[in-house]
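The model shown is predicted, which means the values in this text are computed figures rather than measured ones. In what follows, every heavy atom counts, from backbone to side chain, and hydrogens, waters and symmetry copies are set aside.
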Amino acid sequence: MARNGLLKSHSTTKPANGYIFENGTKTLWTQGESTQEKTNAHTNGFANGISKSNGLLSSNGVSSSAPNGGPPINEDPPLYPRKWAENFESVPYMTAILTFFGFYLLMIMGYINYLLFVPNVAKEKNREGYPDLYEKFVLFYSRYVYRRIVDCFNRPVTSVPGAIITIKDRETPDYGWTFKYTGTESTCLNLASYNYLGFGENTGLCTERSKESVKQSGCALCSPSGEIVQGILVPIGHNKCNKMNDKSRYSTFSKENLYLTLSFPAPSSLEAGLQKALLEGQPHSGKPWRKILIVVEGIFSMDGSIVRLPEIVRLKNKYKAYLYVDEAHSIGALGPTGRGVTEYFGIDPREVDILMGTYTKSFGSMGGYVAGSKSTIDYIRANSHVRSYATSMPPPVAMQILTSMRIIMGLENGDEGNVRHSSI
């Protein structure tokens with residue numbers, strides 16, 4: 001698991017294992033030893049981006065004078081102008097062994113149950129002449145593995161997803177095949193919620209404003225967005241923004257484009273993929289790609305890692321690619337004022353061709369947005385099926401977004417936005 005510390009100007013604690021980025025130098029710390037690597041790989045006087053101990057670098061990674069009193073070597077500005085600590089937590093062997101042992105034991109017991117004890121509820125009836133409803137392994141896993149632990153996860157929640165939640169108690173007489181409610185409820189501490197800033201609540205200014213919007217405008221507009229002038233501008237720095245429904249954000253890309261996705265915050269393999277795409281072109285035909293689009297997340301949701309956006313932007317500019325950043329988890333929660341990963345690293349949002357985010361997490365609502373240049377957004381509005389076929393955002397949903405956004409920006413409720421943001 002990788003976790004990233006905040007950008008700070010003062011000194012930070014050195015992690016046991018991981019990287020510290022400072023003034024363009026990446027320092028790897030492992031058991032008290034350190035190795036410096038240049039984050040700017042395409043610089044003069046370096047091989048493969050590794051800094052040489054030949055006097056070409058000063059202590060902070062900035063070039064000094066060349067040997068024999070020659071002129072100073074020109075280098076790119078540092079990618080990380082301030083110190084940024086990134087440490088990696090390794091999984092203990094015993095934890096990994098017990099986890100795999102428990103999983104495979106669950107699989108073995110499931111197969112035994114599947115072969116010897118098949119309850120009537122697990123048998124499909126009246127299926128003559130029809131194909132199976134599920135693939136065999138999916139059927140086995142859902143019924144004989146996941147069923148045994150389903151009550152650990154699928155608990156019915158009867159409250160808002162705040163710090164404390166209320167769940168309905170239930171019991172099963174047949175080991176998870178069926179459940180029945182006991183009529184009681186339990187109060188639990190919520191440790192797994194996307195309600196990052198706490199706006200998903202049933203009290204407060206957002207709730208009151210949303211209730212008022214229902215009285216004034218109704219629960220829905222019953223019309224596609226093409227018939228109604230509407231929009232919610234996300235204050236992240238782009239000059240154009242388009243509100244879109246969740247199901248329609250990815251419908252505007254054509255065939256002869258290459259999409260390079262980054263599933264881990266370290267862009268070590270991205271440059272190799274870009275070089276291969278430029279040299280080899282499209283499979284079979286060898287034709288050059290019309291466009292190369294790099295797709296990354298601002299925060300990788302499964303482990304909370306933050307993408308190394310300065311390095312991604314450098315590669316994007318070097319190879320003339322396009323950059324798409326999914327800020328579903330970072331908008332509202334990352335950066336000094338919640339404007340996302342670009343603000344976190346101090347990068348001009350116009351360096352990112354397409355910024356996408358959601359209103360479901362930090363804002364406690366639904367829907368999403370796409371931000372980019374005016375020509376990009378105009379093209380999406382003209383060609384996406386959302387304009388003519390998708391329903392418009394309901395008034396209470398839009399009011400929840402607008403009110404929560406104004407609170408984050410400090411335009412409503414005094415310092416509440418800063419208090420909510422600093423709590424995470």
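- For K316 (side chain) and E351 (main-chain N/O), a donor-acceptor pair under 3.5 Å exists by modelled atom type.
- The NE2 atom of H421 sits 14.5 Å away from atom CD1 of I407, with the distance rounded to the nearest 0.5 Å.
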- prompt: Do I292 and L274 pass the side chain to side chain contact (heavy atoms under 4.5 Å, CB included) test, and can you show the C-alpha distance, the side-chain angles, and the key distance before you say yes or no?
  reply: CA-CA 8 Å; I292 297 178; L274 289 168; 3.7 Å; yes
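- When all heavy atoms of I377 and G372 are compared, the pair lying nearest together is CD1-N, 3.7 Å.
- Rounded to the nearest 0.5 Å, atoms OG (S159) and CD1 (I165) are 6.0 Å apart.
- Between the side chains of S186 and D169, at least one donor-acceptor pair of N or O atoms lies under 3.5 Å.
- Here the side chain of N113 pairs no donor or acceptor atom with the backbone of M109 at under 3.5 angstrom.
- Within the 4.5 Å cutoff, side-chain heavy atoms of Y181 are placed close to those of P156.
- Distance alone, capped at 3.5 Å, places no donor-acceptor pair between the N190 side chain and the I164 backbone.
- For F363 and F199, the gap between ring centers reaches or exceeds 6.0 Å.
- A distance of 10.0 Å separates CG in L315 from CG in L323, rounded to the nearest 0.5 Å.
- Seen from the ring of F179, R170 counts as a face-on cation partner, given the 6.0 Å and 45° thresholds.
- Across all non-hydrogen atoms, the minimal contact from P349 to T342 is CG-OG1, 4.1 Å.
- Remark: aromatic rings of Y144 and Y111 are distant, center separation not under 6.0 Å.
- Salt-bridge check for E311 with K318: failed, with every basic side-chain N at 4.0 Å or more from each acidic carboxylate O.
- For S362 against A333, the heavy-atom pair with the smallest separation is OG-N, 3.7 Å.
- Atom CD1 of residue I354 and atom CD of residue E327 lie 13.0 Å apart, to the nearest 0.5 angstrom.
- One distance of note links OG1 of T166 with NZ of K168; it measures 10.5 Å at 0.5 Å rounding.
- Heavy atoms of other residues, nucleotides or ligands lying less than 6.0 angstrom from OH of Y114 number 12 at most.
- Cation-pi geometry between R147 and Y175 is not satisfied (NZ or CZ under 6.0 Å from the ring centre, within 45° of the ring normal).
- A side-chain donor-acceptor contact under 3.5 Å links T172 and D174.
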- prompt: Are L334 and I299 close enough, and set up right, to give a side chain to side chain contact (heavy atoms under 4.5 Å, CB included), and what steps lead you there?
  reply: CA-CA 9 Å; L334 199 61; I299 294 180; 4.0 Å; yes
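- Taking 4.5 Å as the limit, some side-chain heavy atom of V341 sits within range of a side-chain heavy atom of I306.
- In this model, a donor atom of one side chain and an acceptor atom of the other lie less than 3.5 Å apart for E271 and Y319.
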- request: Any chance you could lay out the side chain to side chain contact (heavy atoms under 4.5 Å, CB included) test for R406 and M409, step after step, and finish with the verdict?
  value: CA-CA 5 Å; R406 288 178 62 84; M409 297 171 64; 5.6 Å; no
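- Judged purely by atom type and a 3.5 angstrom limit, R339 has no side-chain atom pairing as donor or acceptor with the backbone of G335.
- The minimum heavy-atom distance linking A277 with W289 is given by the pair O-CD1, 3.5 Å.
- Side-chain contact annotation: E201 with T207, donor-acceptor N/O pair under 3.5 Å absent.
- Using a 4.5 Å heavy-atom cutoff, the side chains of I149 and L106 are in contact.
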- request: Kindly determine whether Y194 and T360 satisfy side chain to side chain contact (heavy atoms under 4.5 Å, CB included), including the steps that lead there.
  value: CA-CA 8 Å; Y194 286 150; T360 60; over 6 Å; no
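- Q282 contributes a side-chain N or O that, together with a main-chain N or O of P288, makes up a donor-acceptor pair within less than 3.5 Å.
- Here the closest heavy-atom approach between residue P395 and residue G218 is recorded as CG-O, 3.6 Å.
- Smallest separation of non-hydrogen atoms from P396 and C219: CD-O, 4.0 Å.
- Using modelled atom types, no side-chain atom of T403 and backbone atom of Q400 make a donor-acceptor pair closer than 3.5 Å.
- Looking at heavy atoms from C-beta onward, Y344 lies out of side-chain contact with L309 at the 4.5 angstrom threshold.
- Remark: side-chain polar atoms of S404 are paired, donor with acceptor, to backbone N or O of I401 under 3.5 angstrom.
- Here CD1 of I294 is found 9.0 Å from CG of D353. Values are rounded to the nearest 0.5 Å.
- Remark: K361 is not positioned above the aromatic ring of Y196, lacking an NZ or CZ atom under 6.0 angstrom from the ring centre and at most 45 degrees off the axis.
- Side-chain atoms of D151 do not come within 3.5 Å of backbone N or O of F153 as any donor-acceptor pair.
- No side-chain donor-acceptor contact under 3.5 Å links S392 to the backbone of L221.
- The distance between the ring centers of F300 and H329 does not fall below 6.0 angstrom.
- For Q216 and S213, the side-chain atoms include no donor-acceptor pair closer than 3.5 Å.
- When atom types are taken as modelled, the side chain of S210 and the backbone of C206 share a donor-acceptor pair closer than 3.5 angstrom.
- No side-chain heavy atom of E297 sits less than 4.5 Å from a side-chain heavy atom of Y324.
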